[in-house]
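Below is one structure; the comments refer to it alone.
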Amino acid sequence: MEYNFKQIEQYWQQRWAEAGVYKVSNKSEKKPFYVLDMFPYPSGAGLHVGHPLGYVASDIYSRYKRLCGYNVLHPMGFDAYGLPAEQYAIKTGQHPEKTTNENIARYISQLKKIGFSYDWDREVRTCDPDFYHWTQWAFAQMFNSYYDTVQQKARPISELVARFEQTDPTWATLTEKEQQERLMQYRIAYLSDTKVNWCPKLGTVLANDEVSEGLSVRGGYPVEQRVMRQWSLRVSAYAGRLLEGLDRIDWTDSLKETQRNWIGKSEGAEMNFTIKNPKGKTENEVNIKIFTTRADTIFGVTFMVLAPESEYVSMLVTDEHREEVEAYLDRCKHRTERERIADRHVTGVFTGAYAIHPFTHAEIPVYVSDYVLSGYGTGAIMAVPAHDSRDYAFARHFNLPIIPLIEGADVSEQSFDAKEGRMINSDFLNGLEVKEAIAKMKEYITNTGIGRVKVNYRLRDAIFSRQRYWGEPFPVYYKDNMPYLIPDSCLPLCLPELDKFLPTETGEPPLGHADMWAWNTANNKVVSKQLIDNKTIFPLELCTMPGFAGSSAYYLRYMDNQNKEALVSREANDYWRKVNVYIGGTEHATGHLIYSRFWNKFLFDLGVVCEDEPFQKLINQGMIQGRSNFVYRYIGEGATGNLYISYNLIDNPEYKDKVQPIHVNVNIVHNDILDVDAFRLESPEYKNATFIYADGSTDEDNPYMGQATNKQYICGWAVEKMSKSMYNVVNPDDVIAAYGADTLRMYEMFLGPLEMSKPWDTKGIDGVSRFLKKLWNMYAEPADGEPTREELRSLHKLIKKITWDIENFSFNTSIPAFMIAQTELSTLGCNKRCVLETIAILLAPYAPHIAEAMWQQCGHNTFVVDAQWPTWDEKYLEEDNINYPVQFNGKVRFTLSLPKTMDKTAVEQAVMASDETKRQLAGDTPKRIIVVPGRIVNIVV
RNA sequence: GCCGUGGUGGUGGAAUAGGUAGACACGAAGGACUUAAAAUCCUUUGACCUAAACAGUCGUGCGGGUUCAAGUCCCGCCCACGGUACCA
């Protein structure tokens, strides 16, 4: 009986689809379980073998949970808005919607071939109006909410208005515009002039997580700082809750740590420094507020530094220094982020102003320097050169005094940044440990009113506008230059059809090209731009939302994706509650995984969802890297460019340094052996290729002219990113065509631990394929009858192992367990139906197609995916005799076979009674005997 | 710099409570079948010592420690990968 995977896989995929076995209902007696994959961006290149790694893992887990009797929600969808489709549109004129839909269709067909248990009826696409309706709706709710710092939750903006009306007599005197401007400072989605990351090449602003080292993450173009009027989400209001929530979820430590660093909580103090004789003002009128985590070091302050953007700068610069300071500010403004990072030379300028030290009353000079950031703390610092390396460098450059504050710290060469030691030169703090000094100082400044204890977060608000076309339109129109919401009842506000995707001539975002793009309040309609002469018609927002908008709540939509009335109904949300297991890559740690937690917490405050953390358990699958192969073209004397040297020979003196490695398509290389005929067909350039083979022979040496030979051309290899340009992209379709989806699934798991990055290396895929063939052969003729004790032992060992593995996401070790069981059972000649059908169930999460075929072979006409997960019985795992290794002082001397039933004391006695023990002891008395039950006996002599 | 993760044969990797290190697979070598090849099956495969066997010694990045017993726990380093950074 041959293993015809093609036939088996096609047949069962069709039968699953016809029977609708993966349809999930929100009404079930069963307990719910939600297993989610991070949905993909459908790129033009299609899936490569790296994508399915996480999907296979989540599919195994969901199938297992199903077999255990849960109602499992396991959906798939597409993060369909994004830059690449738009850039492709600009290049080719093809509408992004068209290319996106084509790409999605390709992804779906590829995913279906792998045999995932997705309920495709629940598919979502972020670019679908039915979906982005709820993205726009959530934005509108954020616009209509503010963050109440007392209740620590979002509240309707109307409550704030009511409060202003009651407590602030000036409120009623403000114009509508002034009121709106004031409210804008509280809204969770707000419009403001913000310093943003502007990427000229992409023509859009980017969020902090979309920029790395001054370059855009997508494309790698330079990013500069610019002040623009932009939408932002007040994520920073949730910083405390985002941090605290991490303690309640089951994520890896590394990921939690990454988020903690990104949120960047630091507890410190804000302190006021008075400026001496500010020009034109009486003393004590100007205070500089600074933030520090090292209040204990205040006696070491020898100067102060302001960020170039700080508003303090213009307030206290003296006339004689004005020109110099302005020149410096101008220079800072024109430096890009990248230049600033690359060039760490100390720069700065003196303002001419002096502050008064709050304790010593010494005069301390105030400088401006770009090493102080305007966006963090107060944009001003007290500098303690002895104990901060940046202050130290600055002090050295400007010859400012350095006062050591910690006993024994040598600050002649560098600063002493550690938070430990005993304080000196610090008045009432002298003699205290640093930690005590910090605490005492905080108390002191609170009591004296010099400052206050303050918690600062590094997390910034998320910039939410993008000057591009292919994204969700804002449900916003402008009146008197202030934004207003289009009513919920008019959502979704659909993206207008365009054929131009670049900014307009006047510099507006692409949506400026649209004809139908203005809001009529009289009849609640979006109308033609040309008609804006009637006073009731207002222009719409022309920016669109960023990529993370659509991906922030998609997991909620899967729960209830057909709902026309709400993002998710209360019943559906109460039933599924949250994602139990979420699988995806670490690259989303500071983007999507922060934004969606924020978004979910906001919806939680609104009472829309019942859990405030959306993802209970998070598994990070590692990246699959490419494994590139190389051929070595001879470029030495007399080279024709057609001769290629086998990898094992390239270090020979005749070829050394005379070969050029060339990437070769990995799909024509098998186990590092080149298919030379396929190579000649790869490109015209290689048509006449000749080879020096591994054994040193050439094509001419071939004794079997024109016939297959055992000559082998060995390729070199390297681990690189999987990409087209490295010719190392492996398409899952090709693997499925050659080995079948079940082999692909199992091999992806066999490759190594899920969380680890590893190269895709097809060495070894044959092993998995062979295993499935051998296993299949056992199902030729299942026989009735009682299994033997050995058969049951093998089977129950397997049940226990596979169950443990799946629950612990340790899928890679399951495959060897299957192989061992297969070997054991076939050695025993087992073909008992009851054993085989149990194995089919165990295999079903990993290799569902062949498992169905096996289940059928055992005489069932139901689906194995609906079977019940078996349990194991420890009694079958027990052996009659156990081999106890007997050690003397930890060294194994011999092994003794003893009955399983013996207890510790009996084992001890039996060991002491054995002749071999007596011989080894040679009359000595053992000091101690250690018996590890069922494992080992150690005699200490 | 800081944070995180990891380092085990020729290769990918097992070892789930401190208890027989190297499971399983690949590769390699030898063999069976075959005109030949593919496929399949069998044997060997950490290193050293040995003609071989037995026995022995060494062996989980390096150096120490705890323990009857350490890949596993503790201390100090080194290296690789990932994240992040003038965050006061």
Side-chain angles (χ1 to χ4, degrees), chain A residues 212-213 252-262 264-266 268 290-294 297 305 307 340-341 344 346 369-373 375-384 387-391 393-394 417 456-460 586-587 589-590 620 622-623 625 671-672 704 707-710 717 719 747 750-753 755-759 761-768 770-771 773-774 800-801 804-805 807-808 810 812-820 823 883-892 895 926-941:
Chain A
S212 177
E213 295 183 3
T252 59
D253 290 340
S254 70
L255 200 83
K256 286 190 194 179
E257 205 51 37
T258 306
Q259 288 215 341
R260 284 195 189 104
N261 291 342
W262 190 258
K265 180 177 181 172
S266 49
I290 59 96
F291 175 76
T292 179
T293 54
R294 292 295 300 275
T297 59
V305 187
R340 205 177 63 81
I341 290 166
R344 290 279 178 95
V346 174
S369 174
D370 67 356
Y371 84 85
V372 174
L373 306 175
Y376 184 77
T378 61
I381 62 153
M382 64 177 211
V384 186
H387 302 289
D388 182 286
S389 53
R390 297 152 303 181
D391 296 347
F394 196 85
D417 290 12
N456 236 320
Y457 294 98
R458 203 167 68 96
L459 186 70
R460 310 286 160 83
T586 29
E587 66 272 21
T590 54
N620 285 122
M623 284 242 294
Q625 295 143 311
N671 292 346
D672 289 339
Y704 309 98
Q707 288 182 36
T709 75
N710 57 357
W717 59 275
V719 173
Y747 186 61
F750 184 59
L751 222 44
E755 325 77 52
M756 262 180 21
S757 286
K758 55 235 158 189
D761 181 356
T762 38
K763 265 186 193 164
I765 195 166
D766 293 318
V768 173
R770 268 172 225 159
F771 156 71
K773 269 184 224 166
K774 282 188 258 180
K800 187 179 180 180
K801 170 74 178 155
W804 193 94
D805 279 349
E807 286 189 342
N808 293 280
S810 177
N812 57 320
T813 55
S814 282
I815 284 87
F818 279 119
M819 290 171 173
I820 292 167
T823 310
N883 287 331
Y884 284 86
V886 179
Q887 305 181 343
F888 285 75
N889 288 342
K891 279 216 156 128
V892 183
T895 306
K927 280 192 206 133
R928 232 170 107 194
I929 299 168
I930 297 149
V931 177
V932 180
R935 287 221 190 105
I936 207 158
V937 181
N938 199 342
I939 301 170
V940 184
V941 290

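As the structure is a computational prediction, the values presented were derived from the model and not from experiment. Chain letters run A, B, ... following the sequence lines, proteins first, then strands; residues in each count from 1. Side chains are part of it too, since the values below use all heavy atoms of this structure and drop only hydrogens, waters and symmetry mates.
- Checking B:rU5, B:rC24, B:rC3 against every side-chain atom of A:Glu257, the shortest atom distance belongs to B:rC3.
- Using a 4.0 Å heavy-atom criterion, one finds that A:Leu373 contacts the bases of the nucleic acid, with or without backbone contacts as well.
- Mapping A:Gly264 and A:Gly764 onto RNA chain B via the closest heavy atom, the residue that lands nearer the 5' end is A:Gly764.
- Looking at heavy-atom distances under 4.0 Å, A:Pro759 makes no contact with the nucleic acid at all.
- Nucleotide B:rA25 holds its C1' atom 9 Å from the CZ atom of A:Arg770, rounded to whole Å.
- One atom, NZ of A:Lys265, and another, P of B:rA88, lie 14 Å apart when rounded to the nearest Å.
- In terms of polar N and O atoms assigned as donor or acceptor, the side chain of A:Lys801 comes within less than 3.5 Å of the base of B:rU16 in a complementary pairing.
- Put simply, the side chain of A:Lys758 gets close to the backbone of A:Pro753: a donor and an acceptor are under 3.5 Å apart.
- Put simply, the side chain of A:Asn456 never gets that close to the backbone of A:Ser266: no donor and acceptor are under 3.5 Å apart.
- Taking atom P in both B:rG4 and B:rC75, one finds a spacing of 13 Å when rounded to whole Å.
- With hydrogens and angles ignored, a donor-acceptor pair closer than 3.5 Å exists between the side chain of A:Gln887 and the base of B:rG19.
- Across all their heavy atoms, A:Phe394 and A:Tyr371 have their closest contact at CD1-CE2, 3.5 Å.
- Going from the P atom of B:rA14 to that of B:rG61 covers 14 Å, rounded to whole Å.
- Among the atoms of the strands shown, none is found under 4.0 Å from any heavy atom of A:Val384.
- Using a 4.0 Å heavy-atom distance criterion, A:Leu751 is classed as a sugar-phosphate-only contact.
- The separation between A:Ile929 atom CD1 and B:rA69 atom P is 17 Å, rounded to whole Å.
- Within the 4.0 Å cut-off from OP1 or OP2 of B:rC68, at least one side-chain nitrogen or oxygen of A:Arg928 is found.
- If you take CG of A:Asp388 and P of B:rG1, they are 17 Å apart, rounded to a whole angstrom.
- Phosphate contact (OP1/OP2 of B:rA88, side-chain N/O of A:Tyr376, threshold under 4.0 Å): present.
- A:Met382 comes within 4.0 angstrom of nothing in the nucleic acid, heavy atoms only.
- Here, B:rG30 and B:rG64 have their C1' atoms 45 Å apart, quoted to the whole Å.
- Residues A:Ala589 and A:Thr258 share a closest heavy-atom pair of CB-CG2, 4.0 Å.
- Among the protein residues, A:Phe750 comes within range of the nucleic acid bases, having at least one heavy atom under 4.0 Å from a base atom.
- A:Arg260 comes within 4.0 angstrom of no nucleic acid atom, judged by non-hydrogen atoms across all strands.
- Of the candidate nucleotides B:rA23, B:rC86, B:rA14, B:rA14 has the atom lying nearest to any side-chain atom of A:Pro753.
- In this structure a side-chain-to-backbone donor-acceptor pair under 3.5 Å is missing from A:Arg928 to A:Pro926.
- Pairing each heavy atom of A:Asn889 with each of A:Asn938, the nearest pair is N-OD1, 3.4 Å.
- Here B:rC3 is the nucleotide among B:rU16, B:rA14, B:rC3 with the atom lying nearest to any side-chain atom of A:Asn261.
- Taking only side-chain atoms of A:Ser254, from C-beta outward, the nucleotide of B:rC26, B:rU5, B:rU20 with the closest atom is B:rU5.
- Between the C1' atoms of B:rU67 and B:rA52, the separation comes to 39 Å (whole Å).
- Here the nucleotide nearest the side chain of A:Asp805, chosen from B:rG19, B:rU16, B:rC86, is B:rU16.
- Remark: A:Arg294 engages A:Asp296 in a salt bridge (Lys or Arg N to Asp or Glu O under 4.0 Å) (not counting sequence neighbours).
- Across B:rA23, B:rG19, B:rA88, the shortest atom-to-atom separation from the side chain of A:Val932 is found for B:rG19.
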Next item on the list: Treat a base pair as Watson-Crick or G-U wobble with both distances under 3.5 Å, then lay out RNA chain B in dot-bracket form, 5' to 3', with | for cross-strand pairs.
Entry: (((((((..(((......[....)))((((((.......))))))(((.......)))..(((((..]....))))))))))))....

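- Taking all atoms of both residues into account, the shortest heavy-atom contact from A:Tyr747 to A:Gly764 is CE1-C, 3.6 Å.
- If A:Arg460 and A:Thr590 are placed on RNA chain B by their nearest nucleotide, the residue sitting closer to the 5' end is A:Thr590.
- A:Glu587 places its CD atom 11 Å from the P atom of B:rU84, with the value rounded to the nearest Å.
- For the P atoms, the distance linking B:rU60 with B:rG65 amounts to 15 Å, nearest Å.
- In this structure, the CH2 atom of A:Trp804 is 11 Å from the C1' atom of B:rA17, given to the nearest Å.
- Residue A:Asp253 is classed as having no contact, given no heavy-atom separation below 4.0 Å to the nucleic acid.
- Regarding contacts with the backbone of B:rA14, a side-chain N or O of A:Asn812 is found under 4.0 angstrom from either OP1 or OP2.
- A:Thr586 and A:Asn620 share no donor-acceptor pair across their side chains, judged by distance under 3.5 Å alone.
- Counting only distance, with no hydrogens or angles, the side chain of A:Asp388 and the backbone of A:Val384 share no donor-acceptor pair below 3.5 Å.
- For A:Pro816, whose side chain is taken as the heavy atoms from C-beta onward, the closest listed nucleotide among B:rC41, B:rG13, B:rA23 is B:rA23.
- Of all nucleotides listed (B:rA85, B:rA23, B:rC68), B:rA85 comes nearest to the side chain of A:Arg458.
- B:rU20 and B:rG27 are spaced 30 Å apart, taking the P atom of each and rounding to whole Å.
- Using a 4.0 Å heavy-atom distance criterion, A:Asn889 is classed as a sugar-phosphate-only contact.
- Closest of all the heavy-atom pairs between A:Val940 and A:Ile930 is CG2-CD1, 4.1 Å.
- Following rounding to the nearest Å, A:Ile936 (CD1) and B:rU72 (P) show an atom-to-atom distance of 16 Å.
- Annotation: B:rA47 and B:rU11 have their P atoms spaced 12 Å apart (nearest Å).
- Atoms CD1 (A:Ile930) and P (B:rA70) sit 12 Å apart, rounded to a whole Å.
- The residue A:Ser266 sits close only to the backbone: its heavy atoms come under 4.0 Å of sugar-phosphate atoms, none of a base.
- The side chain of A:Met819 has B:rA25 as its nearest neighbour among B:rA25, B:rU20, B:rC26.
- B:rC68 and B:rG10: their P atoms are spaced 34 Å apart (whole Å).
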